[in-house]
Number of protein chains: 2
Amino acid sequence: MNRAPLAHIVDDDEAIRDALAWLFQTCGVPSRAWMSGDDFLADYDPAMRGCVVLDVRMDGMSGPECLVQLLARGCTMPVIFLTGHADVPVAVSALKKGAFDFIEKPFNDNELVNVVIDALALDARRQANAAARAGTSARLASLSARERDVMERILAGKLNKVIADELDIAVRTVEVHRARIFEKMGVKSAVELAQVVSGGG
Amino acid sequence: MNRAPLAHIVDDDEAIRDALAWLFQTCGVPSRAWMSGDDFLADYDPAMRGCVVLDVRMDGMSGPECLVQLLARGCTMPVIFLTGHADVPVAVSALKKGAFDFIEKPFNDNELVNVVIDALALDARRQANAAARAGTSARLASLSARERDVMERILAGKLNKVIADELDIAVRTVEVHRARIFEKMGVKSAVELAQVVSGGG
DNA sequence: TTTAGGGTTGCGGTTTTCCACAATTGGCGC
DNA sequence: GCGCCAATTGTGGAAAACCGCAACCCTAAA
C-alpha cells in the first residue's frame, strides 16, 4: 500500500538509515528506507504520500540530483535534506527548488522529528487540496467540447442570447448545455460555477 | 519619490556599498545605499518599491534581524542576502522566512545583477497584483452594511426571493441593493462579481 | 442495421431578473 | 428644523432564464 503517509529515508549509510528509522519509529512516524537515490526513484510512485528525508552527499546520485528527478516526475512530497558538510550554494539551490528544509549534521533528534512532522502535515494539507482540485478537473473533463464552449462564455458573464449568437446556435440549445454543465459540475448556479473553477481548479 | 523601483543596498562596508552602487548603475539599475539596518529601517516606507540587497554580518543589526523587522512592517520587496561566511543555518532560515536569494561572496557580478533584475521583476508583478487587490478592497469597503449582507448571499448563489426571505425585506429591495452592488463593484453580472471577489481579493 | 450519445431546435409556460417611476422612513450633521 | 443619505417598498412591464416534452440529424460502436 503506497498510500499511507511515510517518511521516506534515502541515505547510503546503513547506520544512519537505521538510526533515522528507529528515531521515527519511537516518535510514531512510519518510515521506509532506501540506500540510494536510484533505488528510491526506481520505487517512486506518484501515489506515495508523506515526506522525503534525503542525504545530500551519497554514492551515485546526489541528494540534489534526486530532488530534480523527483520534481521532474511531479513529486509533491516535502523534501528534507540532511548534510554533513557546510555548503551554502547547495542549500540555497535546494530551497529555491522547493525543498522543505535543509538540516546540518549533527542535528538535534527532536528538531528533525518536528520538521518531519511539519512536513507530513504540509503534505496532508496539499493532498486534501489536490483531491478537491482533482474532483473539479474530473468534472471539467466530463464536459463535451460544446459544453466547454458554452461554459467559457458563461464564465465571461455573457447572456444566453449572446452566447447563442456567438456560437450561431439557438438560445434553447444554450439553455440545454447550460443545464447540463451545472449538472455535471455539481453546482446550482453560474455563481457557484465561477467559484469552483476559479477557486478550486 | 519613494515609488520608483530601486535596489536598496544595506551594508556597513563603504567599499562594498560603492562597488554595488557602481555595478548596478552600469547595468541600468537605480540604487540607493544605507550603512546599517537601523538606518534603512528608519527610512523604510511601505511605498518603497524594488528589492533589498542586504549584508548578513554587519555592525549593529544583522541582516537576518533586519529581514525580520522588514517582514514585521509588511515589506513585500524581495530581499537578497550577501554573505562572506559559509553559514548554512542562517541561509536556510533566511530563505524559509521568504528571502529571495542568498549569495556567497565573492560573487560573480553578472550573476548578482541577474538576481537583482529577477527580484525587481518579481516585485513589479507583486505590485501589479497588489494594486488590483487594493482596488477590489476599496470597492468592497464602499458598500453599505446592508449591501454586504446581500452580496454575501448573492455569492452563495441564492435567488433574490430567498435573500429577501432571509433578510426579511421585499424582493424589490434586494433588486435595488443588487444593482447598486454591481455598480459599485464595477461588474455587470453576478458571475463577474464572484470572480473579482474570489479571484482578486 | 440497430443502438447510443451528442448536438440541435421548437413550443409553451413559469419563474426571475432588471428597470423606470414614485414614495416613505429614520438617522445625522448643519 | 432642513437637507442628505441609506434603506425600504410598490407598481407595472420588458427581457431573460429555466423547464418539460417532443423531435431531428449525425457519428460511432455493437
Side-chain angles (χ1 to χ4, degrees), chain A residues 132-201, chain B residues 132-201:
Chain A
R133 258 175 289 125
T136 300
S137 294
R139 292 191 200 103
L140 224 43
S142 75
L143 297 178
S144 69
R146 206 52 162 168
E147 285 163 355
R148 265 189 288 277
D149 287 342
V150 173
M151 189 180 77
E152 183 186 309
R153 289 168 172 80
I154 290 175
L155 293 179
K158 293 174 179 170
L159 297 179
N160 284 352
K161 67 176 319 189
V162 175
I163 298 174
D165 200 50
E166 285 184 9
L167 297 179
D168 198 34
I169 55 182
V171 171
R172 185 67 184 90
T173 309
V174 176
E175 291 173 0
V176 172
H177 284 319
R178 192 183 185 108
R180 200 153 199 74
I181 290 167
F182 286 177
E183 184 193 332
K184 285 186 178 177
M185 298 298 289
V187 298
K188 285 221 60 181
S189 69
V191 173
E192 289 178 60
L193 182 65
Q195 287 169 340
V196 297
V197 299
S198 65
Chain B
R133 256 175 293 125
T136 299
S137 295
R139 291 190 200 104
L140 223 42
S142 75
L143 297 178
S144 70
R146 207 51 163 166
E147 285 162 355
R148 266 189 287 276
D149 288 341
V150 173
M151 188 180 77
E152 183 186 308
R153 289 167 173 79
I154 291 175
L155 293 179
K158 292 173 180 170
L159 295 179
N160 285 352
K161 64 176 324 190
V162 175
I163 297 173
D165 200 50
E166 285 185 8
L167 296 181
D168 198 35
I169 54 180
V171 172
R172 184 65 186 89
T173 309
V174 176
E175 291 173 1
V176 172
H177 285 319
R178 192 185 185 104
R180 202 153 199 75
I181 289 167
F182 286 177
E183 183 195 332
K184 284 186 177 177
M185 297 299 290
V187 299
K188 285 223 59 183
S189 69
V191 172
E192 287 177 62
L193 181 66
Q195 287 169 341
V196 297
V197 298
S198 65

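Chain letters run A, B, ... following the sequence lines, proteins first and then strands; every chain starts at 1.
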Task: Any B:Met151 side-chain heavy atom under 4.5 Å of B:Leu193 side chain - done: yes
TODO: Return no unless some side-chain N or O of A:Ser144 is found under 4.0 Å from OP1 or OP2 of C:dG5.
DONE: no
Open item on the list: For the backbone of A:Leu143 and the side chain of A:Arg148, can you confirm whether one donor and one acceptor N or O come within less than 3.5 Å of each other?
Closed with: yes
Open item on the list: For nucleotides 24-30 of chain D, give me one character per nucleotide, 5' to 3': B if any protein heavy atom sits under 4.0 Å from the base, S if the only such contacts are to the sugar-phosphate, - if neither.
Closed with: -------
- [ ] State, to 0.1 Å, how close B:Ala194 and A:Ala194 come at their nearest heavy-atom pair, and which atoms those are.
- [x] CB-CB, 4.1 Å
Task: side-chain contact (heavy atoms from CB on, under 4.5 Å) between A:Glu166 and A:Val162, intermediate numbers included - done: CA-CA 6 Å; A:Glu166 285 184 9; A:Val162 175; 3.8 Å; yes
Open item on the list: Here's a test for you: under side-chain hydrogen bond (donor to acceptor under 3.5 Å, both in side chains), which of B:His177, B:Arg178, B:Lys184 qualifies with B:Glu147?
Closed with: B:Lys184
Open item on the list: Please give me the minimum heavy-atom distance between B:Ala190 and B:Ile154, naming the atom from each residue.
Closed with: CB-CG2, 4.1 Å
Open item on the list: Could you check whether any side-chain N or O of B:Gln195 sits under 3.5 Å from a backbone N or O of A:Leu155, counting only pairs where one atom can act as donor and the other as acceptor?
Closed with: yes
Task: Integer-rounded Å distance: C:dC18 C1' and B:Lys188 NZ - done: 11 Å
TODO: Tell me which residues in residues 174-187 of chain B put a heavy atom below 4.0 Å from DNA chain D, sorted by number, or none.
DONE: B:Val176, B:His177
- [ ] Using a cut-off of strictly less than 4.0 Å between a heavy atom of the residue and any atom of DNA chain C, enumerate the qualifying residues of residues 159-173 of chain B by number.
- [x] B:Leu159, B:Asn160, B:Lys161, B:Arg172
Task: Over all atoms of both residues, closest heavy-atom pair of A:Met185 and A:Leu140 - done: CE-CD1, 3.4 Å
Open item on the list: Contact between A:Asp149 and A:Arg153 at the side-chain level, heavy atoms closer than 4.5 Å - yes or no?
Closed with: yes
Task: Chi angles and distances behind the side-chain contact (heavy atoms from CB on, under 4.5 Å) call for B:Leu167, B:Arg146 - done: CA-CA 9 Å; B:Leu167 296 181; B:Arg146 207 51 163 166; 4.1 Å; yes
